[in-house]
Amino acid sequence: MKATSVLLAVTGAALAGAATALLLAPQSGRRTRRDIHRFLKEHCPKCSEKIDDIADRIAAEIETTQK
């Protein structure tokens, strides 16, 4: 296998595992999102503004789609 194929397979498996973990989490989605947000702010302060910007864009897109 090529290195790219292996990298894509590993990335896909990691994303699938993360999605499964979030879907089966014993706490609410709101609490999970808050915990993720806190973790990222603490461990990646420079990313905080970018994360907030992306979250705002996603929220706006969802709002537009629901109308």
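Throughout, numbering of the chain's residues begins at 1 and tracks the sequence.
Residues that satisfy the side-chain hydrogen bond (donor to acceptor under 3.5 Å, both in side chains) test with Arg57, not counting sequence neighbours, are Asp53.
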Given side-chain contact (heavy atoms from CB on, under 4.5 Å), test Val6 with Lys2 step by step and report yes or no.
CA-CA 7 Å; Val6 172; Lys2 293 183 180 179; over 6 Å; no
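Under the 4.5 Å side-chain heavy-atom criterion for grouping Ile, Leu, Val, Met, Phe, Trp and Tyr, Leu7 is not connected to Leu15 through any hydrophobic cluster.
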